[in-house]
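Each ligand, and each atom within it, is numbered from 1 in the order the structure gives.
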Amino acid sequence: MIETRTATAPEIRLRAAPGYTVPEPETVWFKALDGHWLNFKHLPPAPERAVDRGPVILVHGAGVRANLLCPPTTLTLPAMLSAAGFDVWMLNWRSSIDLRPIEWNLDDAAVLDYPVAVEVILQQTKRDTLKAFIHCQGSCSFLMSMVAGKLPQVSTVVANSSGLHPLVPWPARIKLPIAMFALAPFVDWFDPQYGLYAPRFWPKVMDWIVRSFHHECSNAVCKHASFVYGFGFPTMWNHDNLDDETHEWLKGEFGAVPVKVFRQIARCVAKGRLVSMGDYPEEVLPREFAERNPELDTTFHLITGADNRTFRPAAMKKTAWFLNSFSGSDRHSFHEFPGYGHMDIFVGKNAHNDVYPYIIAKLSE
Ligand SMILES: [Zn+2]
């Protein structure tokens, strides 16, 4: 039995789906395998739901938090999942800016966080299986944990933007090793908040570079995120997909990511597939994740915005092809959303019409 601590979560405020109420959200704390405290923002199914679809875990990307799934002005994915009958568990894993800062890489999350997180949900819901919506580096590390055989209870996965093959646009492929060579020796963390406050010499250098090249908007955190996470003006979304309040709100949703994570991403990008850093024995976490049959019963749906400038849409297509090549069927799917980028998939002002119904349909299969 895993020890948990539960409290109300008044900071999670969601607009209800038409005809449904939003249940009282709560925070469920638990310890990862190394004792680091993690939590869920838990949203039970709406009382008016027609069916019970069981638990779903939502996994955010690097240096953000569960709250990123709850933009302030729109109908959100958690609220729509709750209305559809899902028991929604938004994980704050070790990269979350809501938690005590700790150095981490994808290996740590795969080994230490997700196996316990999944067990906590199954323990709390008294179910045997669950489903997952995973995003970006949360997707990469969650998939590593799955391929390592640590999450056999996950029956269906919808993965956004990043799969087993992290292919990036060619300017980012050139920029990433240059940034690692020129900047990484001098800082331990990259932080989009340097756009608002750059505390030392090298963060100030980064801010000067960003100010010199990024003139696409007046949101300093948006521009730093564009510099750090790919190549674009902006990188993370199409500005047309965001309303002004959400664009401003995003300023508070990005924080620091250890440089060692970018070293791992650079290694994965160079190889064209996910690899571990070898911090754990091979029997705990393999070195390779996309070289042989992962032998999983899980069904995967790989999605991305067609304008994704963090990872190329071809990356998700390749992972779907790779998984289907072992399945003897076409049960794993790939879908791209025209007009969307990397993250507006779930913070976009029209995502509740354009994207969420697709995600909910795939998680309901
Ligand atoms: Zn912007």
Side-chain angles (χ1 to χ4, degrees), residues 15 60-77 95-98 135-138 160-162 168-172 175-176 179 183 189-199 203-257 261-262 265 303-313 336-356:
R15 199 175 102 196
H60 61 71
V64 289
R65 56 177 171 171
N67 194 53
L68 186 62
L69 292 151
C70 309
T73 57
T74 58
L75 187 49
T76 61
L77 179 60
S95 84
S96 170
I97 59 174
D98 266 0
H135 169 69
C136 193
Q137 296 311 314
N160 179 50
S161 185
S162 189
V168 301
W170 69 263
K175 187 178 81 170
L176 185 56
L183 293 171
W189 303 74
F190 286 147
D191 188 345
Q193 296 297 319
Y194 292 159
L196 300 178
Y197 172 67
K204 284 181 169 55
V205 170
M206 282 183 65
D207 188 41
W208 177 81
I209 294 170
V210 173
R211 286 172 188 272
S212 300
F213 288 98
H214 284 269
H215 306 286
E216 62 272 22
C217 70
S218 58
N219 183 328
V221 174
C222 176
K223 293 192 286 189
H224 269 255
S226 291
F227 176 74
V228 170
Y229 293 120
F231 189 88
F233 303 90
T235 298
M236 309 289 278
W237 36 68
N238 289 336
H239 272 137
D240 288 347
N241 288 340
L242 305 183
D243 57 49
D244 290 344
E245 190 175 342
T246 298
H247 186 237
E248 183 66 18
W249 167 81
L250 284 163
K251 222 183 242 182
E253 294 301 314
F254 286 87
V257 174
V261 176
F262 290 90
I265 295 169
I303 66 170
T304 179
D307 301 335
N308 193 339
R309 291 176 287 272
T310 300
F311 295 100
R312 291 164 50 202
E336 61 182 359
F337 295 91
Y340 280 84
H342 174 70
M343 193 184 284
D344 39 8
I345 287 282
F346 57 85
V347 298
K349 61 188 177 189
N350 293 319
H352 58 286
N353 291 321
D354 300 337
V355 181
Y356 303 160

Item checked: Residues which pass side-chain contact (heavy atoms from CB on, under 4.5 Å) with P199, listed by chain and number, not counting sequence neighbours -> Y194, Y197, P203
Notebook entry, point to check: Looking only at side chains, do D191 and H224 share a donor and an acceptor under 3.5 Å apart?
Noted result: no
Check: Near the Zn ion (ligand 1), meaning under 2.8 Å, how many protein N/O/S atoms are there?
Finding: 4
Notebook entry, point to check: If you look only at pairs with a residue in residues 65-74, which of them pass as a salt bridge (charged side-chain N to carboxylate O under 4.0 Å, His left out), with sequence neighbours excluded?
Noted result: R65-D98, R65-E253
Margin query: Is the ring pair H135/F346 parallel, tilted or perpendicular, if the boundaries are 30 and 60 degrees?
Written below: perpendicular
Note to self: Tell me if the centroids of the rings in Y229 and H342 come within less than 6.0 Å of each other.
What the structure shows: no
Next item on the list: Report the residues that fulfil ring pair (Phe, Tyr, Trp, His ring centres under 6.0 Å) with F311, sequence neighbours left out, ordered by chain and then residue number.
Entry: none
